[in-house]
Structures are given as C-alpha cells and as structure tokens.
Participant: 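Attaching a single structure in structure tokens format; questions to follow.
Every chain is numbered from 1, with letters handed out A, B, ... down the list of sequences.
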Amino acid sequence: MSIANLLQNWSRYRDTHPYGGAKPHMGYKWAMAIDMDICTGCNACSVACYAENNLAVVGKEKFLNGKSMHWLRIERYWHDTPEPTDPLQLTAYTASGAGKHFPDQGAHFLPIMCQHCEAAPCETVCPVGATNHTQDGINSQIYNRCVGSRYCLVNCPYKVRYFNWYNYQDPATENVWPEPLNQQLNPDVTVRSKGVMEKCTFCVQRLRAVMVDARTEERLVREGEVQTACQQACMAGAISFGNMLNPDSRVGKQWIEQGVNIALDVQSKNEHVGDNTPKRGYRILENLRPYPSVMYLEQVRESSV
Amino acid sequence: MHRIFLNSIVLLVGLFAATASFADSSTAHDGVAPSAGNAAAAAAVEKKGFIADYDNIFIVKGGPEAKPTTEIKPLEWNWVDKLFYNPMGWINSFTDQLGPEVEQPIEFPHDRHAGDPGKVNPDGKTGDGINCMYCHTFARRSLTAGIPPLRKCIGCHQNIPSVRDTPRIVKLFEYWDAGKPIPWKKVHDLPDYVRFNHERHIQRFVFKQERPYKEVCGYCHGDVASMTVARRQRTLSMGFCVNCHKKNHSLDSTYTKAGHGPNDCFMCHK
Ligand code: SF4
Ligand code: SF4
C-alpha cells in the first residue's frame with residue numbers, strides 16, 4: 001500500500017470478465033438457476049435473506065419512498081393477453097385494452113437479486129473500486145471501501161442495489177433491532193452503517209466457510225456442501241445454486257441442459273428453430289451484455305387467453 | 001529519543017526511497033499471472049467449454065522459496081506515505097505503537113503458562129511451555145482462536161495445590177464456585193467487516209510447513225509467552241495483512257511449491 005497505488009488506475013486490479021481474459025476463475029464459478037415454473041411467489045426466500053444477511057426492515061413509509069432494503073425481491077406479473085398475430089384482431093385487441101391484466105389467469109413471479117454479472121456495469125463506475133468481480137465469479141461489495149457515491153446503483157440494469165440512507169444499527173435514530181432483537185443478527189455478516197451500498201452477496205459468508213474447509217482438506221467444495229439462504233428456504237426447490245465448474249453440480253447441468261452459455265450474449269438455442277426440445281432457460285437483459293450468473297427458467301403456461 | 005532520530009533519517013532517506021517505491025510497487029502489486037498462465041487458461045477454456053483454469057487451481061505463481069526467517073517485519077512506511085496517506089501512522093511512530101493495555105478480570109500470566117521452561121520470568125518462576133493451542137483449542141479448526149472455558153482452568157488447577165492460595169487462583173475459584181464465566185476482554189479485536197481465519201493460517205504454517213507454533217502465532221500476536229496479560233503487538237491493519245499476503249509462502253514442508261494468501265477483497269472482507 002503506497003501512494004503510488006492511489007495514482008494508478010484502480011481498474012487494473014479488477015478481475016474483469018474472465019472469458020479468455022487474464023484472470024480465469026480459479027476452480028469456482030458460483031452460479032444460480034431459478035425455476036419460475038416451480039416458484040409459488042411465497043416470499044420465503046426474501047425473508048430468509050433478511051434473516052441471514054442482517055437486512056434492515058425499513059417500514060412502510062420508507063419503503064414507499066424507495067428506501068427499501070430487500071436484496072431479494074419477488075416481482076409479480078399478472079398474466080396478460082398475448083398480442084394477436086392476426087392483424088385483423090389487433091383493433092379489437094387494442095380496444096379491449098392492450099396488455100390488460102387478468103389476475104384470474106394467474107401470475108408469475110420473478111425472484112430477482114444481484115445477478116453477479118461477469119462484466120458488471122456497476123463495477124466500472126465505482127470511483128473507489130469498492131465493487132469488484134472476484135476470482136470465484138461473484139460481484140463483491142466491500143462496505144468499508146464504499147464511499148456512497150451510488151453510481152453503481154444508477155448503472156445496475158437490474159436495480160438490485162440498496163443504499164443505507166440511515167444508520168439502522170443506531171437505536172437512538174432508527175430502532176430496527178431494539179434490545180432483544182439485536183441477538184438475531186448474524187455475526188458473520190457486517191451490520192452496514194449509513195452511507196454504504198449493499199446488495200446480494202451470494203451469501204459469501206457461507207461460501208467462505210466451506211471454501212476454507214475445502215482448502216484445508218486440499219479439495220474443491222463439493223456439490224451440495226453449501227446452500228444460499230434463499231435456496232435453503234425455498235420449499236419448492238426452485239432455486240439451485242452451486243459451483244458451475246463442478247461437473248456434478250445441479251446448476252451447471254441445468255445451464256448446459258437449457259443451452260445457456262454464460263459467456264455469450266446471444267444464445268445458440270434461440271437460433272436452432274428446428275430443435276423441438278423445449279428450452280426454457282434465459283437470462284434477464286442478456287442483450288445489454290452484463291453476462292449475468294443467474295439463469296431463469298421460464299414458466300410453462302397452460303392456457304393462453 | 002532514538003525513534004525521533006531514526007525518523008529524521010527516514011525523512012532524509014525517504015526522498016530516495018520514494019522514487020524506488022514507485023518503481024517497486026508497480027511490479028510488487030501486480031496480481032496478473034504471467035502470459036504462459038494465460039495460454040494455459042485459454043487451453044482450459046477450449047477443453048471444457050467453460051471459463052475455468054480448472055487444472056491449475058493450486059499452482060500459484062512463484063517457485064521454491066528459501067527457508068523462511070522467523071522474523072516477519074511489520075509494514076514499513078516511507079515518509080511520503082506517512083505524510084499524505086497515513087499521517088496518523090507517522091504521528092504514532094513517536095509512541096510505542098502497541099495496542100491499548102486491556103485490563104483483565106484476572107491478570108493472566110501467559111509467561112508462567114506458555115513461557116520457556118528454561119527461562120526465568122520476572123516473577124522468579126519459570127514457564128511451563130504449554131502449547132498455545134492447548135487452551136486456545138479452536139485456532140486450528142475455526143475462524144476464532146477461542147478463549148478457554150473456565151472448566152479448562154479448573155481442570156488443571158484443582159490438581160495443583162501448591163498455587164491454590166495465591167490471589168489470582170483464589171479469584172479463579174471464586175468464579176468457579178459462583179458458577180460464572182470469567183468476563184475476559186478482547187485484546188485483538190478486528191473491525192466487524194473483517195473476516196480473519198485462524199484455521200487457514202495455523203493449518204498452513206504449523207501443520208503443513210511444520211514451523212514452530214510459537215513463531216507462527218507470533219507473526220500477529222508477538223511473543224505472548226513473555227507477557228503476562230497479552231497486549232497487541234502489531235498494527236493488524238490491512239497494510240500489515242497485505243504485506244504478508246503478497247509474499248510467496250511454501251505450500252508444505254518440502255518448500256518446493258509456493259503460493260500466496262488471497263489478495264481478493266471479498267476473501268477477508270464481509
Ligand atoms: S446485477 Fe447489478 S449489482 Fe449485480 S453485478 Fe450486475 S450490475 Fe452489479
Ligand atoms: S444468495 Fe444469499 S444474499 Fe443473495 S438473495 Fe439469496 S439469500 Fe440473499
């Protein structure tokens with residue numbers, strides 16, 4: 001650590017998008033797959049994330065002011081009328097209210113957390129290098145480095161970064177964890193203070209715990225050895241998480257099965273029209289090329305209106 | 001006094017040292033693997049269709065290192081850094097640079113327990129040469145080294161009648177009879193956002209490299225065996241950690257393969 005560091009370009013020390021780059025993933029690439037066909041939208045994952053990661057419950061008023069702190073949110077989409085392909089029906093369609101919601105037709109739920117992009121837009125804009133791509137393929141957020149410029153929040157296409165507008169651990173101002181409740185805080189996770197950005201970390205405290213054991217035993221983390229809190233809480237098993245480079249991993253198999261390649265922004269499965277095996281895998285906003293590490297599996301719809 | 005003298009020398013020499021450190025740090029901090037590694041990585045990509053250097057996980061840059069010396073010096077600041085980057089460090093360099101003196105409920109004599117059996121302590125007694133990890137048992141298998149439970153003290157001391165009436169042991173048994181744990185205070189307290197792992201350090205240096213445990217613990221804790229109540233000896237700042245992490249250390253006692261500690265923020269910060 002010297003002043004020369006300050007004068008040099010921080011981005012030189014970042015792990016960039018590793019495909020073919022100078023810094024390949026060293027044995028690990030943590031990734032996730034979420035099956036929206038199984039997801040019931042019960043919010044258990046969101047609650048689990050609150051409990052695991054010391055998230056502040058901000059209350060209705062702050063929530064409405066956009067100061068929510070949920071690292072994992074469930075977005076709800078009512079099924080709506082598909083746009084008719086026949087142009088003759090289009091007028092009738094527009095007249096009946098295009099994109100009208102039909103709650104009786106059901107909804108689908110999109111659990112959305114930090115996508116741990118391989119080429120994360122949030123990383124390049126951080127003036128102090130507080131958010132980086134790590135060697136094991138997660139997007140880090142270093143709280144003590146963060147100066148709260150909130151550029152990353154602006155640049156994240158998924159809007160999954162949350163800013164600490166208040167000092168939630170100070171009982172004098174914000175009583176988020178009044179006396180007995182402070183006992184519920186997870187000692188492995190920092191309680192963030194005012195002026196710091198935060199977001200899903202892929203439960204890094206759990207990953208590090210198993211990686212240390214694995215390192216001591218001179219092996220890699222095995223499939224099933226670690227679960228994220230949201231995965232653990234999901235009663236339907238919609239979330240799978242693991243080391244994608246491990247040939248045994250469920251998540252790696254799912255990615256291959258669905259023909260989603262992490263290093264591509266246009267998936268070849270979309271081009272094989274003749275291939276009649278249904279592929280449901282997709283990544284959100286892939287065309288922006290952040291190369292996200294979370295794959296979603298589309299809901300299979302029974303009926304169309 | 002001699003510190004002030006030393007500092008003025010540092011100030012003079014620093015001008016030259018500063019230039020040197022600029023040239024230095026550009027290579028020393030460079031974490032990028034050499035180009036041969038890139039080629040191997042690219043080959044791995046082609047082979048697996050994935051983005052990993054899956055075959056080279058434990059091979060880290062660097063070759064065999066010389067047998068290490070026992071002394072690892074704390075980070076040296078040059079005067080440019082001291083004035084502009086760490087003015088407090090510069091001011092602190094006029095003091096003794098040790099951590100605060102923590103007052104413990106019982107003045108625990110580390111020297112009496114862990115000291116060298118052949119060496120006479122200031123109180124006229126010799127040490128017992130007990131291994132640090134006899135009491136701090138969790139150091140080799142968890143994040144924290146652990147403070148021994150009261151029953152561990154009692155386990156030995158109920159069989160040592162010769163010191164039973166000394167004031168400290170009397171106090172110890174008062175806690176035991178009252179059924180209360182001793183409220184020891186933390187001496188080496190790291191900030192909440194740091195995850196320091198005792199296990200990896202002990203496993204690597206004591207069990208893999210077979211260095212003496214006193215030396216290994218001493219890298220961060222100083223010579224505890226010569227203290228009574230432990231006092232912080234090192235800064236335990238990030239610079240102190242990184243100073244060691246950027247060095248190559250042998251992976252085992254054969255000293256043929258080397259690697260360094262993680263330099264990834266998210267490994268130690270949480
Ligand atoms: S999803 Fe947003 S916060 Fe997460 S890595 Fe991508 S850009 Fe950054
Ligand atoms: S992986 Fe962990 S931090 Fe991320 S949304 Fe799930 S529970 Fe929250």
Participant: Can you tell me which residue among A/Val189, A/Val191, A/Thr190 is in a side chain to side chain contact (heavy atoms under 4.5 Å, CB included) with B/Tyr193?
Facilitator: A/Thr190
Participant: Give, for atom OG1 of A/Thr216 and atom CZ of B/Arg204, the distance between the pair rounded to the nearest 0.5 Å.
Facilitator: 10.5 Å
Participant: Could you tell me whether A/Tyr151 atom OH has more than 12 heavy atoms of other residues or ligands within 6.0 Å of it?
Facilitator: no
Participant: How about B/Phe138: does its CZ atom have over 12 heavy atoms from other parts shown lying under 6.0 Å from it?
Facilitator: no
Participant: Just wondering, are more than 12 heavy atoms of other shown residues or ligands nearer than 6.0 Å to CZ in B/Arg140?
Facilitator: yes
Participant: Rounded to the nearest 0.5 Å, how far apart are CG of B/Asp264 and NE2 of A/His133?
Facilitator: 10.0 Å
Participant: Nearest 0.5 Å, please: how far is CZ in A/Arg215 from CZ in B/Arg200?
Facilitator: 5.5 Å
Participant: Can you tell if the side chain of A/Asp188 reaches within under 4.5 Å of the side chain of B/Arg195, non-hydrogen atoms only?
Facilitator: no
Participant: Show your reasoning for whether side chain to side chain contact (heavy atoms under 4.5 Å, CB included) applies to B/Met267 and A/Met211.
Facilitator: CA-CA 10 Å; B/Met267 280 306 213; A/Met211 280 163 80; 4.1 Å; yes
Participant: Is any side-chain N of the basic residue among B/Lys208 and A/Glu218 closer than 4.0 Å to the acidic one's carboxylate O?
Facilitator: yes
Participant: Looking at B/Lys214, I want to see if its NZ is surrounded by more than 12 non-hydrogen atoms of other residues, nucleotides or ligands under 6.0 Å.
Facilitator: yes
Participant: For the atom pair NZ (B/Lys270) and CD1 (A/Ile142), what is the distance rounded to the nearest 0.5 Å?
Facilitator: 12.5 Å
Participant: Working to the nearest 0.5 angstrom, can you tell me the gap between B/Gln203 CD and A/Glu217 CD?
Facilitator: 9.0 Å
Participant: Could you grab the distance from atom CZ of B/Phe266 to atom CG of A/Asn139, nearest 0.5 Å is fine?
Facilitator: 8.0 Å
Participant: Does a side-chain heavy-atom distance below 4.5 Å link A/Asn144 with B/Pro191?
Facilitator: no
